[in-house]
2 protein chains.
Amino acid sequence: MHMIDSEEWCALNDVDVTATEEAAICSNYETGDVIFYEGDDVKGVYFVKAGLVGVRKADLEGNSTLLKLAEPGDTLGYRPLAADQPHRASAEAVNPSIICFIDKATVRQMIGENPALGLNFLKRAAKELGDAEEKFHESVTLSTRARFAHLLIVMQDRFGHATEDGSLQLTLPLSRSDMAAMLGVRPESVSRVIHELEGTGITHFAEREVTIRDPNSLMDVFIK
Amino acid sequence: MHMIDSEEWCALNDVDVTATEEAAICSNYETGDVIFYEGDDVKGVYFVKAGLVGVRKADLEGNSTLLKLAEPGDTLGYRPLAADQPHRASAEAVNPSIICFIDKATVRQMIGENPALGLNFLKRAAKELGDAEEKFHESVTLSTRARFAHLLIVMQDRFGHATEDGSLQLTLPLSRSDMAAMLGVRPESVSRVIHELEGTGITHFAEREVTIRDPNSLMDVFIK
DNA sequence: TGATCTATTTGACTAATATCATAGCAAGAA
DNA sequence: TTCTTGCTATGATATTAGTCAAATAGATCA
């Protein structure tokens with residue numbers, strides 16, 4: 001994944017994208033390695049070249065929620081940079097990842113010279129804000145079961161594929177605990193919801209291999 | 001409240017701010033009047049000149065959550081405009097308000113001619129995104145009591161004032177039901193939390209008049 | 001003033017999810 | 001193999017907040 005192929009950085013011309021890629025420092029992260037911590041000052045942004053990164057928020061009692069997953073092409077840390085705030089969440093490799101750091105002076109220079117880049121980040125922030133507001137609304141409005149169904153649907157979109165018989169296949173990128181952290185519930189509750197979905201025959205879970213036998217019924221579970 | 005005094009529009013020069021204000025169509029809204037509906041196409045943005053506006057999201061069962069309050073100087077509708085999405089929430093006057101509509105062609109032209117305006121909206125979106133993520137985290141992590149304490153603290157910051165004896169005074173801009181909608185809980189639960197806080201002596205509620213007798217204890221309630 | 005309306009509070013009960021304890025199970029290490 | 005170790009699942013119980021119904025309190029209006 002090159003920066004030029006990303007939603008945001010594609011605004012740069014050849015010269016600038018080359019300059020930015022040259023200024024970028026790419027590193028390998030193993031599963032579990034931390035990219036930045038909540039509370040850290042923002043030194044720049046991180047472009048995910050390969051792998052999968054989780055963005056987490058923790059509280060005092062040790063509860064942690066998983067706010068989002070970043071895939072190749074995504075840029076991390078632009079939000080606190082734009083807001084002029086310290087990091088309000090930490091980022092950690094969920095899978096082995098290659099991540100390129102671009103210091104904030106370079107980012108600011110590029111945005112200054114290419115207004116379209118700033119607008120792309122505005123668009124990204126605006127979309128994410130809509131999603132975050134939706135997520136809040138769902139968390140207080142829907143049951144754990146419905147939210148898990150929604151998570152499955154989203155995961156299917158991002159990580160799954162259809163099969164010839166109309167069912168959907170999916171390899172979950174996350175453990176049960178991490179899915180629980182995405183929903184803001186306990187892992188036991190996720191286990192119970194999975195057990196329940198199995199009972200209805202809508203889905204089949206084998207470790208992280210999921211078959212969605214009846215996508216329409218799963219949609220119904222999400223809505224209710 | 002003039003546009004030039006707002007966090008975002010202050011980026012415009014005198015000529016452009018005058019042009020924008022001339023393009024703006026200002027209207028009066030009574031309490032309860034709707035400014036736009038969830039699902040509507042975005043026709044432009046709304047600058048709140050006076051009053052108080054609530055941004056709401058409803059679901060199929062009629063549950064509604066109050067996502068945020070917009071005060072004079074705030075601009076509504078820029079998020080879906082920037083994201084190129086329809087409105088994902090509705091807006092409604094909580095108090096009688098004066099609101100100026102600016103059509104999206106004008107907004108886009110101004111942003112095109114003044115990159116700083118776009119960056120101001122980026123900063124705004126980035127801050128709101130941080131808040132929204134925090135709100136999700138709180139909603140799944142903290143008790144109703146703690147979240148209500150936090151709401152009180154935020155309300156105090158925005159609408160309250162200190163008194164000479166060290167206690168804090170506040171006139172709530174919202175009904176109990178609307179506070180419940182901000183927290184994503186039922187009005188009965190808000191009543192019970194208020195009753196409980198009264199019992200501890202930390203706060204005193206008389207209709208919408210609130211006295212926070214012991215701000216430190218209120219902070220403790222928030223944290224736990 | 002009394003009548004009515006709505007918002008709020010209170011109480012009894014129920015439902016949903018967390019908590020805690022324990023057990024199973026797969027993958028890797030000795 | 002056998003022993004860990006960590007993740008997942010299950011059962012029993014506790015806690016929290018929701019639901020429903022009724023009472024109360026203000027506000028408005030005739």
Side-chain angles (χ1 to χ4, degrees), chain A residues 30-32 54 59 61-66 92 94-95 136-152 171-199 203-210 221-222 224, chain B residues 30-32 54 59 61-66 94-95 136-152 171-199 203-210 221 224:
Chain A
E30 293 308 314
T31 298
D59 72 0
E61 275 95 50
N63 302 306
S64 107
T65 55
L66 190 43
E92 166 198 319
V94 169
N95 291 337
F136 168 76
H137 185 244
E138 280 186 10
S139 78
V140 301
T141 276
L142 298 180
S143 66
T144 299
R145 182 174 46 256
R147 279 148 61 205
F148 182 75
H150 190 200
L151 179 63
L152 265 191
T171 303
L172 294 170
L174 296 177
S175 67
R176 309 281 137 127
S177 299
D178 279 343
M179 288 193 289
M182 290 209 82
L183 301 175
V185 300
R186 298 291 155 190
E188 293 96 321
S189 297
V190 168
S191 280
R192 292 187 228 270
V193 167
I194 288 174
H195 183 84
E196 202 183 330
L197 282 178
E198 287 274 344
T203 56
H204 177 67
F205 289 78
E207 307 280 306
R208 293 187 178 191
E209 296 302 319
V210 183
V221 172
F222 163 44
K224 283 181 303 194
Chain B
E30 292 308 312
T31 298
D59 72 1
E61 275 96 51
N63 302 306
S64 107
T65 55
L66 190 44
V94 169
N95 291 337
F136 168 77
H137 185 245
E138 280 186 9
S139 78
V140 300
T141 276
L142 298 180
S143 66
T144 298
R145 182 173 46 255
R147 279 149 61 207
F148 181 76
H150 190 200
L151 179 62
L152 266 190
T171 302
L172 293 171
L174 295 178
S175 67
R176 310 280 137 128
S177 299
D178 279 343
M179 289 193 289
M182 290 211 82
L183 301 175
V185 301
R186 298 293 155 189
E188 293 95 321
S189 297
V190 168
S191 278
R192 289 179 174 120
V193 168
I194 288 174
H195 183 84
E196 203 183 327
L197 282 177
E198 287 274 345
T203 56
H204 177 67
F205 289 79
E207 307 280 307
R208 293 188 177 190
E209 297 302 319
V210 183
V221 172
K224 282 182 301 198

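Every chain is numbered from 1 and lettered A, B, ... according to where its sequence line falls, protein lines coming before strand lines. Values reported hereafter were calculated over all heavy atoms of this structure, with side chains retained and with hydrogens, waters and symmetry mates removed.
For the segment residues 185-198 of chain A, the set of residues with a heavy atom within less than 4.0 Å of an atom of DNA chain C comprises V185(A), R186(A), E188(A), S189(A), R192(A), in numerical order. Near DNA chain D, meaning a heavy atom under 4.0 Å away, there are no residues from residues 144-152 of chain A. For the contact set between residues 175-183 of chain B and DNA chain C, defined by any heavy atom under 4.0 Å, the members are S175(B), R176(B), S177(B).
When side chains are defined from C-beta on, M179(B) counts as touching L172(B), because their heavy atoms get closer than 4.5 Å. When side chains are defined from C-beta on, V185(A) does not count as touching V140(B), because their heavy atoms never get closer than 4.5 Å. Here the side chains of L151(A) and L183(A) are in contact, with some heavy-atom distance below 4.5 Å. Using a 4.5 Å heavy-atom threshold, the side chains of T65(B) and M182(B) count as separate. Inter-residue side-chain proximity for F222(A) and L152(A) is flagged as unmet; no heavy-atom pair is nearer than 4.5 Å.
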Pair T31(B)-V94(B), side-chain contact (heavy atoms from CB on, under 4.5 Å): steps then yes or no: CA-CA 5 Å; T31(B) 298; V94(B) 169; 6.0 Å; no

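Among residues two or more places apart in sequence or in another chain, the side-chain hydrogen bond (donor to acceptor under 3.5 Å, both in side chains) test is passed with T141(B) by none. Remark: T171(B) engages E209(B) in a side-chain hydrogen bond (donor to acceptor under 3.5 Å, both in side chains) (not counting sequence neighbours). With sequence neighbours excluded, the residues forming a side-chain hydrogen bond (donor to acceptor under 3.5 Å, both in side chains) with D59(A) are N63(A), listed by chain and number. Under the side chain to side chain contact (heavy atoms under 4.5 Å, CB included) criterion, S64(B) pairs with R56(B), A58(B), not counting sequence neighbours. Taking the side chain to side chain contact (heavy atoms under 4.5 Å, CB included) definition, one finds that S175(B) meets it with S177(B), D178(B), R208(B), sequence neighbours left out.
The heavy-atom pair separating A180(B) from R186(B) by the smallest distance is CB-C, 3.7 Å. Smallest separation of non-hydrogen atoms from V221(A) and A149(A): CG1-CB, 3.7 Å.
Bounding nucleotides for the chain B contact on DNA chain D, 5' to 3', at a heavy-atom distance below 4.0 Å, are dA17(D) to dC20(D). Heavy-atom contacts of chain B under 4.0 Å fall on DNA chain C between two terminal nucleotides, which in 5' to 3' order are dT8(C) to dA12(C).
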Can you give each donor-acceptor pair under 3.5 Å made by side-chain atoms of residues 189-198 of chain B, sequence neighbours left out, with the distance rounded to 0.1 Å?
from, atom 1, to, atom 2, distance (Å)
E196(B), OE2, R145(B), NH1, 3.0
E198(B), OE1, H204(B), ND1, 3.4
E198(B), OE2, F205(B), N, 2.3

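The structure places CD of E92(A) at 13.0 Å from CD of E30(A), a figure rounded to the nearest 0.5 Å.
Each of N63(A) and E207(A) has a nearest nucleotide on DNA chain C; the 5'-most of these lies closest to N63(A).
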